[in-house]
Each structure stands twice: as C-alpha cells, then as structure tokens.
Peer 1: 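Before we start, here is the structure in question, set down as structure tokens.
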Amino acid sequence: MAKPKLSFACQNCGAVHNKWSGHCDACGGWNTITEEIQASAPANTLKAKPVRGNVVEFVDLKGQNAPLPRASSGIGEWDRVTGGGLVPGSVTLIGGDPGIGKSTLLLQLVAALAHKNLNCAYISGEEAIDQVRLRARRLGLEQSPVHLAAATSVRDIVATLEPQKGQKNPYDLVVIDSIQTMFVDLIESAPGTVGQVRAATSELIRLAKTHNITVLIVGHVTKEGTIAGPRVLEHMVDTVLYFEGDRGHQFRILRGVKNRFGPTDEIGVFEMGGKGLAEVPNPSALFLAERRERISGSAVLAALEGTRPVLVEVQALVAPTTYSAPKRAVVGYDSNRLSMILAVLEARCGIMFSGQDVYLNIAGGLKIAEPAADLAVAAALCSALSGVAIAGDAIIFGEIGLSGEIRPVPQPDLRLKEAEKLGFKSAFIPQGKAKPAGAMQAHTFSTLDDFVRFLRG
Ligand code: TYD
Ligand code: MG
C-alpha cells in the first residue's frame, strides 16, 4: 500500500502548502496551517484504463426549462434571500459565528417547512437531543413534525437518508448542524479539518443530487485556525448564506453570498428575542430607533442591500490624538475606504484630520460596503470635526471620487422613497435624474467641496 501523503492545509482558506509555516501566504492568516493526511489518488487514472469515453451530448441553449419547484417556507425574509424558497436537491451552506443563531434559524425554518408537508430531518452533531428539544420548546415549536437525531458519522447519515430500492425518499430536507462535527471514516484526520469537512460535504452533495434531497449545512466561522471554516466549502455548494450580527445587538442579518438558483446580495433581517428569531419587515425603522437628533457626527445614510433600501445611521467621532500616528478605527465599514475619504477631504477641501483620532461606526451592527455610503461618511466626519449637527430630517447618499467629485449611485429613487416613507424631509444627493416625490426636498451636489461648504452653512 502506498504511504499516505502528508500535506499542510490552511484551515481558513483551504490552501495546501508543502511544509508547515506559521503564516498562510494565500489568505494572510496566522497559525492556521495544520498537518493533514491526503487520501492518495492513483496517478494517471484516465490513462490507466485504456477505454474510450462516452460521447457527451449537446443541446441548444434556447430550450425551455420547467420552472423550479421551490419550497417556500412562509418566513418572508428567508424566502427572499434564497430567491423564493429552497430548490429540491440543492445544497445550502449557512455560515456564521458560533452563537449567532444558526441553529435557532434552521430549527424555525424546518418547523415551518414541516408544517407545509415536507418530510424534514434535523441532525445535530453538536447538541444532544434534549438540548434541541429544549430549544424547540422555548421557540414554541415542540408540536412540529420534525424528526430529530444526534449523529456525526456521514456514512450513517447517508445510509439513513438514502431511499430503499423502489421506495421514495424518507426525507425531503435535512439539516446538518454542523459540518465541523461530521466525519467520514475513510479519512484519517480529525473532524473539523479541511479534509474532513470537504469529504463530508461532497458525500452530502452526492446524496442531495442523486436523490433530490434538499440539504442545509451549518458551518461555524472560526477565528482561530484549529477548525476549518465555511469558506473552504463555498465553491462546492449551490448556495452560500451568511448569518451575521453583533452579539451585543439583537439584529441578525442573513446575507446571500452565492446562489445558483437566485439572486445574491439580498439580505434578510431578523431580531433575536426571547422566543427566537422574528422577522423584521421594516429594518430602517429598527436601525434608526435609537438615533438622537441634533448630535454632531451623526448622518443618516440611505443604503441599498440587494433590492432593498435600508436607512442607517453613520456615526463619527473625532478627538485630538495622543499618538504619533493618529488612530483610525471603524466598525461596520471598510477602513481603506475611510482613509480614502479622509484623504479626499484633506486634499480637495482643506479639512485636516492629521492631528485627530477618527472613529467611525455604522449603528445597529450592519456592515456597509457600497460606495454610495461615501457622502454620508464624509458628512459625519465633517460634522464631528466642526461640532455642528447635520439636519436631523436629512438623508444622504453619493459616491466620492479621488478628484473630489460626487458621483451618482444605483437606484436613487428607491432610496428616496424609503426615506420619504420614514418621514425624512430633505436629501443631500449627487446631481442626476433622481427626484424625490412628495414633500421631500433634494439638495444636489457635484463636488465634495460644494457639499462641505453647504454643511458649514
Ligand atoms: P444558536 O442558534 O444556538 O447559535 P448557533 O447555532 O449559531 O451557534 O443561538 C444561540 C444564542 O441565541 C444563545 O446565545 C441564546 C440566543 N437565543 C435567544 O436569545 N433566544 C432564543 O429564543 C433562542 C433559542 C436563543
Ligand atoms: Mg448551533
């Protein structure tokens, strides 16, 4: 027998290295590389058997497909993120920090689907049956016809879910909580290593595709390198959703990252409460609930998440620095983008932040990545520096270019409509075709310099 080959895989990104090192060159992670035994594949497998392959058949692109039969759960936020519900035979990965609420979300989901006459199984490798039952009772779901099991062997799980010859599937949908606890007995490394989670996932994918069973896989996002994170599985599955949020806040955001059957970039907003996760149909009102008006350094941004406008508060604080290199700290925003906006404010508008520490926070635990946030960030920064509050009934959006110009952003009308619905009276926006309807007043700007001068009065 060939000697098993040793390899060194990064548990964060899955990159394979020839030797151990403290730093992964592929993803930049520290201390994430561990030793793994590689299942050795025979060399030149295709050539080993000199048999001609079958001819692959081609069809025209223009043929008609039947519409995808989706299982809508009735949980609106979930259904929107998945593009109308789960497709039978699809494999979905739900990633998120430990304790964020993945098990809670999936238990609520399978309960809802089980009530719609889907045969659902929930397999927990982490918690004992009693713990899952306790949670179900807390959620008021103990009457749901969901089948529970505690198992970690993928061989056992596949044998249980596979239909007997000539019979129909015992289960239409299965939740695997979590992939890091599952193991395939053919592989020698411990559960949670890159090799194990990949092997377990590919077994489950094979099961899903051959028998048309919907599979939902939970993957913990891990900070330290001892167990493999969900990123190493993203390329294998059909759909990747991340469940995010701040443990200090009750909001949770379900974000589509990849979807072979629907849109990505959609978000679903939930609120974690005493009875589990509740849908938040109007997130803007929630994110702005704790806002205090007439405070300097606060600006309301009309952001867009997928197809949906969300109003959030951008908060900035500027304080004289005691360091030789002033501090720039961000929560919920990209620090490179902040540096860029600070540089444009200094170079094009003459507003100096060099002797100041700058803190920027997106209130409510939301993460904003779109360039349309630039103008609101700039406004919050200027207001924090000058101590002059921005009008409390104004919303802001616009992209800033390096030459100090303000550029239009996608879907301005949607953003304005949402702001109007929530009672905002004015909008500071880029020059363009967008016009607020109703009583709202728009102030348009083409350069950051104009905007800064306007803020100063
Ligand atoms: P859980 O679903 O176990 O997280 P994960 O599977 O992502 O690790 O959720 C755990 C947290 O959620 C836990 O800290 C308690 C909290 N929680 C509530 O606040 N309300 C509830 O009704 C439930 C079930 C959990
Ligand atoms: Mg869990």
Side-chain angles (χ1 to χ4, degrees), residues 11 73 75 77-78 81-82 92-115 120-144 146-152 154 157 173-183 191-192 196-197 200-201 204 215-224 226-234 237 239-257 267-280 286 364-365 367:
Q11 305 294 307
S73 65
I75 302 175
E77 300 289 301
W78 170 274
V81 174
T82 51
T92 304
L93 174 70
I94 292 111
D97 289 333
I100 206 74
K102 300 180 294 297
S103 305
T104 309
L105 176 70
L106 290 181
L107 195 61
Q108 286 181 267
L109 178 78
V110 285
L113 289 169
H115 279 300
C120 297
Y122 186 102
I123 298 178
S124 177
E126 263 167 23
E127 293 162 304
I129 302 273
D130 283 345
Q131 277 173 296
V132 184
R133 277 214 187 108
L134 215 64
R135 177 180 297 129
R137 201 163 310 139
R138 178 170 177 186
L139 300 172
L141 301 173
E142 67 271 35
Q143 303 298 336
S144 309
V146 175
H147 288 223
L148 268 186
T152 52
V154 176
I157 292 171
L173 181 143
V174 57
V175 172
I176 304 290
D177 188 2
S178 65
I179 195 67
Q180 281 106 345
T181 57
M182 299 293 145
F183 73 95
Q196 278 287 8
V197 298
T201 305
L204 292 166
V215 177
L216 291 158
I217 296 174
V218 172
H220 291 293
V221 170
T222 53
K223 295 275 177 320
E224 67 290 344
T226 45
I227 48 176
R231 273 187 56 199
V232 304
L233 305 175
E234 281 182 358
V237 298
T239 304
V240 179
L241 309 175
Y242 277 94
F243 204 38
E244 306 170 343
D246 208 64
R247 246 182 284 172
H249 288 107
Q250 68 273 46
F251 324 123
R252 299 285 181 269
I253 290 152
L254 185 69
R255 191 184 292 277
V257 174
I267 64 162
V269 185
F270 296 87
E271 192 174 0
M272 181 65 96
K275 282 206 157 24
L277 291 158
E279 290 180 66
V280 178
L286 191 78
K367 289 196 185 80

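Index from 1, following the sequence. Indexing begins at 1, ligand by ligand and atom by atom, following the structure's order.
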Peer 1: For Glu279, is there any backbone N or O sitting under 3.5 Å from a side-chain donor or acceptor partner on Glu77?
Peer 2: no

Peer 1: Has the side chain of Gln108 got a donor or acceptor atom that lies under 3.5 Å from a matching backbone atom of Leu277?
Peer 2: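 Yes; at least one donor-acceptor contact below 3.5 Å.
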
Peer 1: Hydrogens and angles aside, do Glu126 and Thr181 bring a side-chain donor and acceptor to less than 3.5 Å of each other?
Peer 2: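 Distance-only check fails for Glu126 and Thr181.
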
Peer 1: By the definition side chain to side chain contact (heavy atoms under 4.5 Å, CB included), identify the one residue from Leu105, Thr104, Val221 that meets it with Phe243.
Peer 2: Leu105

Peer 1: Is the distance from the Mg ion (ligand 2) to the nearest N/O/S atom of Ser103 under 2.8 Å?
Peer 2: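 Here the distance criterion (N, O or S atom, under 2.8 Å) is met by Ser103, so yes.
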
Peer 1: Does Glu127 have any side-chain contact (heavy atoms from CB on, under 4.5 Å) partners at least two apart in sequence or in another chain, and if so, which?
Peer 2: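 Counting only residues at least two positions away or on another chain, Glu127 forms a side-chain contact (heavy atoms from CB on, under 4.5 Å) with Ser103, Ser124, Gln131, Val132, Arg135, Asp177.
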
Peer 1: Is the backbone N or O of Ile253 less than 3.5 Å from a side-chain atom of Glu244, with the two atoms forming a donor-acceptor pair by type?
Peer 2: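 Looks like no, no N/O pair under 3.5 Å.
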
Peer 1: Check ligand 1 for N or O atoms under 3.5 Å from a protein N or O and list each pair with its distance.
Peer 2:
from	atom 1	to	atom 2	distance (Å)
ligand 1	2 (O)	Ser103	N	3.3
ligand 1	2 (O)	Thr104	N	2.8
ligand 1	2 (O)	Thr104	OG1	2.5
ligand 1	3 (O)	Arg135	NH2	2.8
ligand 1	4 (O)	Gly101	N	3.1
ligand 1	6 (O)	Ser103	N	2.9
ligand 1	6 (O)	Ser103	OG	2.6
ligand 1	7 (O)	Ile100	N	3.4
ligand 1	7 (O)	Gly101	N	3.0
ligand 1	7 (O)	Lys102	N	2.8
ligand 1	7 (O)	Lys102	NZ	2.9
ligand 1	8 (O)	Gly99	N	2.7
ligand 1	20 (N)	Arg138	NH2	3.2
ligand 1	20 (N)	Gly273	O	2.7
ligand 1	22 (O)	Arg138	NE	3.3
ligand 1	22 (O)	Gly273	O	3.4
ligand 1	22 (O)	Gly274	O	3.2
ligand 1	22 (O)	Gly276	N	2.7

